[in-house]
Asks: 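If you scroll down you'll find the structure; I have some questions about it.
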Amino acid sequence: MTIVNSVNAFVSDILAEKQDFLTDVSDFIWKHPETRFEEYTSMNHLCTALEAEEFIVEKNIADIETAFTGTYGSGHPIIGILGEFDALSGLSQKPGVSNPEAVIPGGNGHGCGHNLLGTGSLAAAIAIKEYLKANNLSGTVQYFGCPGEEGGSGKTFMAREGAFDHLDFALTWHPSAANGMMSLSSLANYQVYFRFKGISSHAAASPHLGRSALDAVELMNVGVNYLREHVKPDARMHYSVTNTGGKSPNVVQSDAEVLYLIRSPKMQDVKDIYERICKIAHGAAQMTETTVSIEMDKACSNYIPNRNLEKVMYEKLKEVEDTILYTDEEMNYAKQIWDSLSVNEKDSAFDSLKAFGAIKDTDKLKEAYLSNVVSDYVPLDMAMPGSTDVADVSWVVPTAQCSTATCAIGTPAHSWQMVTQGTTSVAHKGMLRSGNVMALTAIDVLQNPDKLEEIQKEFKEKFKDTPYECPIPKDVKPSALKE
Ligand SMILES: [Zn+2]
Ligand SMILES: [Zn+2]
């Protein structure tokens, strides 16, 4: 017990000492929101921070310009700490207010809290490094700068190139309104472009000579909307028309493009639905006498958590529960955010917390604007209604992830409310709490080889008949967000 306490005190002291440095890093990334695979400023800032903390930085990991690692120490165990730092387009928002107001209209914003995510993971890496150093221990801590999580599956591309293969285990977290274990699986997905090519013509003078690519896109979407009834209920099919062929209705559009995102809890179902959607696309091309080309944009696997690693992480999350404290000012601001929600958003506030660990005990959070409890650990064999590229890491090494409260209960993901709370004291506290939990988890596993053995045994058992197969073919390259 004394040992546990001294480790906890050591990590808390390090994080208290580095608190200003870490919050500055997070706020800097928040102020420079960059979208997938173009996060150069954020990457450089994190790399400089890692170098200042004695990590050896390596850039261009897996041939991705904004992917990097920071490594400290030597020998096993090799601990991977995953950090994200990309933003979303169209979510520019002023900080610390209670109404939507863009800094730059149409600009980017940190609507998923990845400024906190990348920095909370940096906090963990630094605390682990300090612990290895102070105790002269064998072991390596490796921070992974993972770009392009939002719609880009950066980690899946990195996993394809073997970036995580040498790790003994990996830890990460995600900001939310709850403190809990992210123990649910997630949806596997395929994101695929369908491009139709026809013949343009004057829409009034010679429509009979035209073959409309836009018609093909519309017919394809109609076909897929009929398919919906005949797929498993937890499958999802979304699309976005990324090229309508132009703005002139008096032209028969010769080029059109639609981007599909196909999701399901199991990759095989995603593949089956994809094959059926391809048939529909070919059908649409036949009907319109156009041609179709199909190009995969990206994909990711379903998340397979490591329960033994989760158990350690949950224990550590509980150990910091009594440090979750808020000021009246913080509570008042959280109430303002709550008041900004629609009735429907308020109704679904607790449902959306399930993905972040508040699964069965949401009654603990009723009437609260900020979570000051750790939600019960409920290892359920079901998928949350969303995807994450952490999934592909989980297929390669034992992985666990938690969430800590960085925002008001009810804050929708990818919303102005999430952006505006990204630099608050509550956000900073949550970020450091996750850093603390990840560091304590890593140190506990490092010092207890029997736990690591159990963790790795579980991993081997789970994947013995289904070794990792990267869902992104070798020739597909990461793509930046199209304007
Ligand atoms: Zn997101
Ligand atoms: Zn996110």
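Each ligand, and each atom within it, is numbered from 1 in the order the structure gives.
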Asks: Is there an N/O/S atom in Glu149 that lies less than 2.8 Å from the Zn ion (ligand 1)?
Replies: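 So Glu149 does not count as coordinating the Zn ion (ligand 1).
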Asks: Side chains of Ser371 and Asn179: donor-acceptor distance under 3.5 Å anywhere?
Replies: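 Yes - a donor-acceptor pair under 3.5 Å links their side chains.
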Asks: Just to confirm my numbers, could you give the angle made at the Zn ion (ligand 2) by NE2 of His174 and SG of Cys112, rounded to 10°?
Replies: 100°
Asks: Assign the ring pair Phe144 / Phe164 to parallel, tilted or perpendicular, where the plane angle (0 to 90°) is split at 30° and 60°.
Replies: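 Phe144 and Phe164: tilted rings.
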Asks: Looking just at side-chain N and O atoms, do Arg228 and Asn225 make a donor-acceptor pair shorter than 3.5 Å?
Replies: yes
Asks: From the N, O or S atoms in His114, identify the one nearest to the Zn ion (ligand 2).
Replies: NE2
Asks: Given Asp376, which of Lys360, Lys318, Lys364 fulfils the salt bridge (Lys or Arg N to Asp or Glu O under 4.0 Å) condition?
Replies: Lys364
Asks: Among the N/O/S atoms of Glu150, which is closest to the Zn ion (ligand 1)? Give the atom name.
Replies: OE2
